[in-house]
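See below for the structure under consideration.
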Amino acid sequence: MTEAAAATEKMPAHVAVIMDGNGRWAEQRGLPKYRGHEAGMDAMIEIVRHASDIGVRHLTVYAFSTENWKRAQEEVSGIFDLLIIYVNRELEELHRNNVKVDILGDRSPFSKKVNAALDKTIAKTQGNTGLRFHIALNYGSRAEILRAARACVDAGEGPETDEDFGGRLYTAGVPDPDLLVRPGGEKRLSNFLLWQLAYTELYFSDVLWPDYTPAEFDKAISEFGARKRRFGGRV
Ligand code: FPP
């Protein structure tokens, strides 16, 4: 089966997730923001495991946006510390579960330590053939589209098709998401995968990300199964 044909009526081949609500979760408990992100990391670990178990082919999570640099330095460094903890703690299990990890976004501003941890993860899992886990880090969709446009200009190319242009995005070769899930109560896209979400089914939930469970994920999958996708046609 081709990747494009992998989404069935019931099971999306590619699920994208905006992990929102960590800050409010911490605030409700009188805890520092870091603890919300830490609990968010635990929720993410469960969802990756679950997505892999139920046969989702691609999972993309929005872990750090180009706009997130505006947050307090302490919060930003806390998120990158967690990223290193995540990779060190979970790499063996990800590998054992045949998960292939990659990063969407501009890694150039990251510290040597962060980039080394990411390189190690990508290298170790690159031959894996199970779930593809895409972590969006220092990712912004408009920046991604501008970068792709610039790459076309630099190559002297006027892209003719969606595929020509899509091949210049961070998601080159990855099928568009079938389902976008946004927990945390907000109903917006926040500069996430604007090109790729053109025909994606959107699912919003009020549950804050640290409280998000595999059962919540299954609710989204089950609603996806009930949607009629027409891709602009009449079928
Ligand atoms: C949005 O919640 C979440 C983030 C900006 C960071 C997401 C990070 C994690 C889940 C940590 C683990 C990630 C990795 C890759 C190790 P928010 O803080 O904007 O929530 P709020 O809207 O309630 O303030």
Side-chain angles (χ1 to χ4, degrees), residues 15-52 58-95 99-107 109-111 113-122 124-125 131-141 143 170 180-193 204-214 216-217:
V15 182
V17 182
I18 299 179
M19 305 187 290
D20 190 24
N22 297 350
R24 277 163 288 158
W25 185 94
E27 206 173 298
Q28 284 169 6
R29 288 161 179 76
L31 296 170
K33 290 255 188 320
Y34 177 82
R35 295 290 301 281
H37 294 312
E38 192 178 44
M41 179 179 81
D42 290 340
M44 184 182 82
I45 290 169
E46 290 298 321
I47 295 303
V48 173
R49 214 172 266 154
H50 184 62
S52 164
H58 297 263
L59 179 73
T60 301
V61 297
Y62 204 5
F64 192 85
S65 76
T66 44
E67 289 71 37
N68 286 151
W69 296 107
K70 292 183 219 150
R71 297 189 177 200
Q73 209 254 316
E74 192 183 68
E75 184 178 353
V76 170
S77 55
I79 293 175
F80 284 98
D81 288 349
L82 278 175
L83 180 65
I84 292 175
I85 292 171
Y86 170 70
V87 163
N88 289 334
R89 202 209 292 164
E90 295 299 312
L91 182 53
E92 284 308 320
E93 186 188 322
L94 289 167
H95 187 50
V99 176
K100 178 177 175 176
V101 181
D102 64 61
I103 305 300
L104 312 179
D106 174 12
R107 288 174 50 185
F110 299 167
S111 69
K113 199 172 164 195
V114 167
N115 272 322
L118 295 176
D119 283 340
K120 184 171 138 197
T121 308
I122 293 163
K124 176 137 181 142
T125 63
L131 173 74
R132 290 194 57 191
F133 181 36
H134 312 281
I135 308 176
L137 278 172
N138 192 25
Y139 175 88
S141 192
Y170 289 119
L180 170 86
V181 175
R182 181 170 189 152
E186 310 288 2
K187 293 183 179 61
R188 53 177 172 257
L189 297 179
S190 300
N191 201 18
F192 190 45
L193 303 175
F204 299 97
S205 153
D206 288 333
V207 176
L208 301 178
W209 175 252
D211 291 328
Y212 205 75
T213 57
E216 291 294 332
F217 192 80

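Model, not experiment: these values are computed from the prediction. Order of appearance sets the numbers: ligands from 1, and atoms from 1 within every ligand. Sequential numbering from 1 along the given sequence is applied to the chain's residues. Below, all heavy atoms of this structure are taken into account, side chains as well, without hydrogens, waters or symmetry copies.
Side-chain atoms of S190 do not come within 3.5 Å of backbone N or O of F192 as any donor-acceptor pair. Counting only distance, with no hydrogens or angles, the side chain of R107 and the backbone of N115 share a donor-acceptor pair below 3.5 Å. Checked by atom type and distance alone, the side chain of Y212 never pairs as donor or acceptor with a backbone atom of G40 at under 3.5 Å.
Atom 16 (C) of ligand 1 has as its closest protein heavy atom L83 CA, 3.6 Å. The protein non-hydrogen atom at the shortest distance from atom 4 (C) of ligand 1 is H37 CE1, 3.8 Å. Atom 9 (C) of ligand 1 has its closest protein heavy atom at N22 ND2, 3.7 Å. The closest protein non-hydrogen atom to atom 24 (O) of ligand 1 is G23 CA, 3.5 Å.
Looking at residues two or more places apart in sequence or on another chain, you find no ring-ring contact (aromatic ring centres under 6.0 Å, His included) involving F133.
With respect to the salt-bridge test (charged N to carboxylate O, under 4.0 angstrom), the residues E27 and R24 do not qualify.
The shortest N/O to N/O separation between D20 and ligand 1 falls below 3.5 Å. For a threshold of 3.5 Å applied to N or O pairs, the pair formed by L82 and ligand 1 contains no separation below that value.
Between M19, K33, R71, R24, it is R71 that holds the heavy atom closest to atom 17 (P) of ligand 1. Between M44, E186, R89, E75, it is M44 that holds the heavy atom closest to atom 13 (C) of ligand 1. Considering only non-hydrogen atoms, atom 7 (C) of ligand 1 lies nearest to A63 out of G185, G184, S190, A63. With E67, E38, M41 as candidates, the residue nearest to atom 12 (C) of ligand 1 on a non-hydrogen basis is M41.
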Could you list the donor-acceptor pairs under 3.5 angstrom formed between side-chain atoms of residues 30-37 and any protein atom two or more places apart in sequence or on another chain?
from : atom 1 : to  : atom 2 : distance (Å)
R35  : NE     : E38 : OE1    : 3.2
H37  : ND1    : N22 : ND2    : 3.0
H37  : NE2    : E75 : OE2    : 2.7

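Residue E27 does not touch ligand 1, judged by heavy-atom distances below 4.0 Å. Contacts with ligand 1 closer than 4.0 Å are made by side-chain heavy atoms of N68 only, the backbone lying farther away.
What you find for G185 and D206 is that their closest heavy atoms are CA-OD1, 3.4 Å. When every heavy atom of D106 is checked against every heavy atom of Y170, the shortest pair comes out as N-OH, 3.5 Å.
Atoms of ligand 1 found under 4.0 Å from any heavy atom of Y86, numbered from 1 in the order shown, are 16 (C).
Using a 4.5 Å cut-off on side-chain heavy atoms (C-beta onward), D20 and F204 make no contact.
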